[in-house]
Amino acid sequence: STTTTNPATNPATNPATNTSTPAAEPFRRRPFVGGNWKMNLLAAEVVALAQSIAAPGGGDGGAGGVDVVVFPPFPYLATVRPVLKPGVQLGGQDCSAEKQGAFTGQVGAAMLRDVGCASVLIGHSERRHGLGETDALLSRKIGQALDAGLVPVLCVGETLAERESGRAHEVIDSQLRGSLAGHAESALATLVVAYEPVWAIGTGRTATPDDAAEAHRTVRRTLKELYSARFSEQVRVIYGGSVNARNAAELLAREEIDGGLVGGASLVASDFAAIIAAASRRS
Ligand code: PEP
């Protein structure tokens, strides 16, 4: 099953090893669309939603292909896995900073991998701000994700107060530096960064394409300073924050925006399909 392919060694999902460049591809990076189901749905709804999602190109890395990943609540990962269509990948909403042991209630990265996950969200704002997760903790979670062979989807983004005081780019820069501390470029080949301004998440207030694109350039500038120009150009940077079926095309038409991390709209099959279709038009 493609859901068990190791993304770190799969050319379709690892830009570092993907040497095939489809002739008609206008943008170099393969689009990535994630559906973050958060703490929603029960088993019957989870199955119905999972069955409805298709990945253009079947996840095989060809033209029109999009990495489509769903992030169900932990209890439903094993429920979702067998009903996913070819190419649709499974992801965890979080992982522990510890490998294993006496950590009641936590879920280890190796467990996510074992149950069929290809990736894991790290540092979603609902965890940074709701649960006080720090960059130092997130750096350790990234280490666990990488050790387990999972693609880390690192979320960064400023609050409304930080944006209004002109500090958005400083916050993005410092979250990246803190969360990536201790990780070498060679280990981070599969990294995806999700720019998710806190004021746009679940609020219906979307960043303008210009504002999102500017923030994505900040992400790449920091990655270039931390690592290399080549690395900064390879990493997928996706936007999250009230992406929906109506605004996705405009956001995803921007060269800087390699895909989306979608909350509310990912719970509505037709809306999520429209967002995936918009991402597919990039490739
Ligand atoms: C998210 O969960 O990462 C998110 C961006 O949520 P929403 O699309 O609902 O704003």
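As the structure lists them, so they are numbered: ligands from 1, and atoms in each ligand from 1. Heavy atoms only: backbone and side chains are in, while hydrogens, waters and symmetry mates are out. Computed from a predicted structure; not experimentally measured.
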Nearest atoms (heavy-atom pairs only) where Ile142 meets Ser179: CD1-O, 3.3 Å

CZ on Arg127 to OG1 on Thr134, rounded to 0.5 Å: 12.0 Å

Give the numbers and elements of all ligand 1 atoms closer than 4.0 Å to a heavy atom of Gly264. 7 (P), 8 (O), 9 (O)

Pair Glu225, Thr222: side-chain N/O donor-acceptor within cut-off below 3.5 Å: no

Taking N or O atoms only and a 3.5 Å limit, does Gly241 qualify as a polar contact for ligand 1? no

Heavy-atom contacts with Leu261 under 4.0 Å: which atoms of ligand 1 show up? List them by number with element. 3 (O), 5 (C)

Which residue holds the protein heavy atom closest to atom 1 (C) of ligand 1, what is that atom called, and what is the gap in Å? His124 NE2, 3.2 Å

Those atoms of ligand 1 less than 4.0 Å from some heavy atom in Asn36: 1 (C), 2 (O), 3 (O)

Arg220 and Glu233 ion-paired at < 4.0 Å: no

Do me a favour and list the nearest non-hydrogen protein atom to atom 5 (C) of ligand 1 with residue, atom name and distance? Glu196 OE2, 3.0 Å

Taking the side chain from Lys38 and the backbone from Gly263, do they hold a donor-acceptor pair closer than 3.5 Å? no

Polar contact flag, side-chain donor to acceptor under 3.5 angstrom, Tyr227-Gln234: no

Would you say Val262 has any N or O atom under 3.5 Å from an N or O of ligand 1, going by distance alone? no

Any atoms of ligand 1 less than 4.0 Å from a non-hydrogen atom of Ser242? List them with their elements. 7 (P), 8 (O), 10 (O)

What I want to know is whether Thr203 and ligand 1 share at least one N or O pair that is separated by under 3.5 angstrom. no

Starting from atom 8 (O) of ligand 1, which protein heavy atom do you reach first, and at what distance in Å? Gly263 N, 2.8 Å

One finds that the ligand 1 atoms under 4.0 Å from a non-hydrogen atom of Ala200 are 10 (O)

Protein heavy atom at shortest distance from atom 2 (O) of ligand 1: Lys38 CE, 2.6 Å

Ring-plane angle category for Tyr195 and Tyr239, please: parallel below 30°, perpendicular beyond 60°, tilted otherwise. tilted

Run Phe32 and Asp258 through side chain to side chain contact (heavy atoms under 4.5 Å, CB included) and show every step you take. CA-CA 6 Å; Phe32 182 109; Asp258 299 319; 6.0 Å; no

Tell me, do His183 and Leu146 make a side-chain contact under 4.5 Å, heavy atoms counted? yes

Closest protein heavy atom to atom 10 (O) of ligand 1, given as residue, atom name and distance to 0.1 Å: Gly202 N, 2.6 Å

